[in-house]
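Worksheet: one structure, shown below.
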Amino acid sequence: MNKFTILLLGSGGRESALAWKLAQSPKLEKLYIAPGNGGTTQYGTNVALSPLDFQSIKDFVLANAVSMVVVGNEDPLVAGIYDYFVADADLNGIPVVGPSKAGAMLEGSKDFAKEFMNRHGIPTAEHLSVDASTIEDGYRFIEKHQPPYVLKADGLAAGKGVLIIPDEQEAKSQLRAMLDGMFGASSSKVVLEQFLSGIECSVFVLTDGDSYKILPVAKDYKRIGEGDTGPNTGGMGAVSPVSFANECFMRKVEDSIIKPTIDGLKQENITYRGFIFFGLINVDGNPYVIEYNVRMGDPETEVVMLRIDSDLLDLLEGVVTGTLANRQLNIDPRYATTVMVVSDGYPGSYAKGKVITGIDSVSDSILFHAGTRRADDGTLLTSGGRVIAVSSYGATKEEALQKSFANIAKIDFEGKKFRRDIGFDLK
Ligand code: AMP
Ligand code: GLY
């Protein structure tokens, strides 16, 4: 059996869940997490490296005999970490789980993603991409469509680059503001979209570029407030499975979205060996792509990993060796839920460094640390807006949620906040 020394890049709840799952693998020799957080030391060794500092990553990989790199967040992928490894004679044999820089454009440029979908007949909202020189065309697009108006920064904007605006004049002035640099260079091009009405879900696929496996479907809850109100966050909770993503819906997803995406990448000679996240919306029973991400979702990973009843590292070995078709993926039939405990004020400004108590009395849930760190004396402190994802299994969604809530009651820090209605819109 091949054993792997893995370097996992990232520091959030997603990386905690990936680390938790990888740590269970008999194929794991050693796990490093860069930079990790106050909880990832349960599964491996934290390394103080930035996922964007490729030279330091190279030095670490070579000095520590790392044999596989797993990239949790999108930034290093969009910056080309896959190509950096392939182009370097010393790193060339060390696989990176994730797409090439060209493949990462599916997330790195919304215009690229829309054009890709149009080339391959993949259902998505009608769109127009504009820059400062074609803003008048943008105004015409807005006039031609019904409200609300959807405006998206083309490039990465840390999840903040999408505006949905009810008023036509306001949409036009926000379009100008975006092109004038509201999101820096990432909004020097703006994608205008037809508004689609429906319920969303997140579909995850692992691919070796040829075959693929569909991971458990999840739904996340992005708004800060109960009933999906208030500003968007990185995600306040998630549920898997998703009641409306039934066999009929998933057959449409596979035939009209997943297969054409994998085939399209192949046709266009875009190397892609990693996770694809399809952000979907169900419009009257038909799936449309809202966005692609080139990584797993957060907090969806904190439920998806619970429902993978196979060795994740064996699947990743299949991804990097082009043998995914021969690997086993079993899905746990139980429900999994996660509820994110956040700092008061998030997603706006919030305090850090608050002492977290009670995590040792948690039972029957899994804590995936996100914004936590250990002080020198070992005290667990908050260090981010999203602090800990509390994940649980249940025979029903309600049973799983009850466990998460019961354990959240045991955890405390000043300014602790969470949503009590995760899963409210699902059967
Ligand atoms: P994105 O970053 O592209 O996923 O957009 C963020 C959120 O905006 C999505 O999760 C949707 O809730 C919403 N959204 C984006 N595009 C559309 C659209 N064309 N129609 C309706 N809602 C949308
Ligand atoms: N939960 C949505 C995302 O990870 O982008």
Side-chain angles (χ1 to χ4, degrees), residues 10 12-15 17-18 71-75 77-78 106-114 117 123-129 141-142 145-166 171 178 183 186-187 190-204 215 217-224 228-240 242 275-284 286-305 338 340 342 347 368 370 385-386 389 419 422 425:
R14 168 184 47 217
E15 287 73 29
L18 290 168
V71 186
N73 56 326
E74 64 276 16
D75 296 326
L77 295 166
V78 173
L106 285 180
E107 179 167 358
S109 166
K110 293 201 184 273
D111 175 53
F112 175 87
K114 297 296 282 190
M117 287 187 268
T124 188
E126 190 198 327
H127 84 286
L128 180 75
S129 300
F141 185 94
I142 290 169
H145 283 82
Q146 299 300 314
Y149 306 97
V150 181
L151 281 64
K152 300 185 175 184
D154 175 57
L156 293 184
K160 298 189 174 73
V162 176
L163 302 182
I164 297 183
I165 299 168
M178 284 177 89
F183 300 105
S186 63
S187 66
V190 171
V191 177
L192 299 166
E193 278 188 22
Q194 162 202 16
F195 180 82
L196 296 176
S197 188
I199 186 165
E200 291 172 62
C201 66
S202 306
V203 169
F204 302 97
L215 306 180
V217 181
K219 183 173 195 305
D220 79 333
Y221 292 81
K222 290 194 179 77
R223 304 294 196 94
I224 187 71
D228 284 344
T229 54
N232 264 328
T233 70
M236 296 294 291
V239 174
S240 178
V242 176
F275 296 100
I276 312 181
F277 170 165
F278 301 83
L280 304 182
I281 189 161
N282 177 355
V283 183
D284 300 326
N286 292 313
Y288 287 75
V289 178
I290 289 280
E291 63 165 349
Y292 286 110
N293 295 128
V294 296
R295 46 156 178 94
M296 287 297 292
D298 194 350
E300 291 96 325
T301 308
E302 291 93 304
V303 292
V304 171
M305 288 303 134
T338 195
M340 193 61 82
V342 306
F368 294 125
R386 293 193 293 173
R419 267 179 70 169
I422 299 306
D425 52 355

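Just so you know, ligand 1 is whichever comes first in the structure, and atom 1 is the first atom listed for that ligand. The shown structure was predicted, so the numbers you read here are calculated from the model rather than taken from an experiment.
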At what distance, to the nearest 0.5 angstrom, does [atom1] of [X] lie from [atom2] of [Y]?
X    : Y    : atom1 : atom2 : result
D220 : S202 : CG    : OG    : 5.0 Å
I199 : L280 : CD1   : CG    : 12.5 Å
L163 : N232 : CG    : CG    : 10.5 Å

> Do the side chain of S187 and the main chain of M178 share a donor and acceptor less than 3.5 angstrom apart?
Replying inline: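 Side chain of S187 to backbone of M178: a pair is present.
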Identify the two heavy atoms, one from [X] and one from [Y], that lie closest to each other, and give their separation to 0.1 Å.
X    : Y    : answer
F277 : R295 : CB-O, 3.1 Å
R386 : A370 : O-CB, 3.3 Å
V303 : T338 : CG1-N, 3.4 Å

> With backbone taken as N, CA, C and O and side chain as the heavy atoms from C-beta onward, which portion of E300 lies under 4.0 Å from ligand 2: side chain, backbone, both, or neither?
Replying inline: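 Side chain only.
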>> Is the contact between M236 and ligand 2 made by the side chain, the backbone, both, or neither, using heavy atoms and a 4.0 Å cut-off?
In response: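 Near ligand 2, M236 shows nothing, with every heavy atom at 4.0 Å or more.
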>> Closer than 4.0 Å to some heavy atom of G297 - which atoms of ligand 2 meet that?
In response: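 Here the atoms of ligand 2 in question are 4 (O).
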> Between L192 and Y149, does a side-chain contact (heavy atoms from CB on, under 4.5 Å) hold up when you go through it step by step?
Replying inline: CA-CA 8 Å; L192 299 166; Y149 306 97; over 6 Å; no
> If you measure every N/O of R14 against every N/O of ligand 2, is any gap under 3.5 Å?
Replying inline: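 N/O-N/O distance below 3.5 Å does not exist for this pair.
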> Any protein heavy atom lying closer than 4.0 Å to atom 21 (C) of ligand 1?
Replying inline: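 Protein heavy atom within 4.0 Å of atom 21 (C) of ligand 1: present.
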>> Give me the nearest non-hydrogen protein atom to atom 5 (O) of ligand 2 as residue plus atom name, then the distance to 0.1 Å.
In response: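 Of the protein heavy atoms, R295 NH2, 2.9 Å lies nearest.
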> Looking only at protein heavy atoms, which one is nearest to atom 2 (C) of ligand 2, and how far off is it?
Replying inline: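 The closest one turns out to be D220 OD2, 3.4 Å.
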Regarding [atom]: of the candidates [options], which has the closest heavy atom?
atom                    : options                : value
atom 15 (C) of ligand 1 : E193, E291, K152       : K152
atom 5 (O) of ligand 1  : I199, V162, N232, I281 : V162
atom 4 (O) of ligand 2  : T301, N293, D298       : D298

>> Residue-level breakdown please: for Q194 versus ligand 1, do any non-hydrogen atoms fall below 4.0 Å on the side chain, on the backbone, on both, or on neither?
In response: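 Backbone only.
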Would you mind running through ligand 1 and noting each atom that sits below 4.0 Å from a heavy atom of [X]?
X    : value
K222 : 10 (O)
E200 : 9 (C), 10 (O), 11 (C), 12 (O)
I290 : 3 (O), 4 (O), 9 (C), 15 (C), 16 (N), 17 (C), 18 (C), 23 (C)
I164 : 8 (O), 13 (C), 14 (N), 22 (N), 23 (C)

>> Please determine whether salt bridge (Lys or Arg N to Asp or Glu O under 4.0 Å) holds for the pair K114 and E193, giving the CA-CA distance in whole Å, both sets of side-chain angles, and the decisive distance to 0.1 Å.
In response: CA-CA 10 Å; K114 297 296 282 190; E193 278 188 22; 3.4 Å; yes
>> L196 versus ligand 1: do any nitrogen or oxygen atoms come within less than 3.5 Å of each other?
In response: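 Right, the criterion is met.
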>> Name the residue from N293, V294, V78 that meets the side-chain contact (heavy atoms from CB on, under 4.5 Å) definition with L106.
In response: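 Running side-chain contact (heavy atoms from CB on, under 4.5 Å) over N293, V294, V78 with L106 returns exactly one hit, V294.
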